[in-house]
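This report concerns only the one structure given below.
This chain uses plain numbering: 1 for the first residue, then up along the sequence. These figures come from a predicted structure and were not determined experimentally. The figures that follow rest on heavy atoms only: side chains count, while hydrogens, waters and symmetry mates do not.
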Amino acid sequence: MELMTRGELSKKAGLSAAAIRYYEENDILPVPKRHSNGYRLYTEDVLLKIELIKGINR
């Protein structure tokens with residue numbers, strides 16, 4: 001399972017980091033686990049959820 005930072009996730013998903021934060025704050029996406037350095041780490045599952053959300057909003 002690949003883990004990615006918010007920046008990597010935003011590039012792959014085609015969304016801004018602010019949009020991802022918005023989704024987290026409004027409980028659309030789960031709050032990610034953090035690495036020991038404090039970075040949020042996202043899984044491929046989150047990317048799939050974002051792609052689903054983007055598909056619904058078209």
Single-linkage hydrophobic cluster, 4.5 Å side-chain cutoff, Leu3 and Leu29 together
no

Salt bridge or not for Lys12 and Glu2, using N-O below 4.0 Å?
yes

Separation of Leu9 CG from Thr43 OG1 (nearest 0.5 Å):
9.0 Å

Where do Ser10 and Leu15 come nearest, in terms of heavy atoms and distance?
CB-O, 2.9 Å

Value for CD1 (Ile50) from CD1 (Ile28), rounded to nearest 0.5 Å, stands at 10.5 Å

So side-chain hydrogen bond (donor to acceptor under 3.5 Å, both in side chains) across residues 15-28, not counting sequence neighbours, yields Arg6-Glu24, Glu24-Tyr42

Just do the side-chain contact (heavy atoms from CB on, under 4.5 Å) check on Met4 and Lys11 with the steps written out, would you?
CA-CA 10 Å; Met4 58 196 112; Lys11 286 179 186 175; over 6 Å; no

Verify side-chain contact (heavy atoms from CB on, under 4.5 Å) between Leu41 and Arg34, making sure each step is shown before the conclusion.
CA-CA 6 Å; Leu41 295 175; Arg34 291 184 181 251; over 6 Å; no

NZ of Lys49 to CD1 of Ile53: how many Å apart, nearest 0.5 Å?
8.5 Å

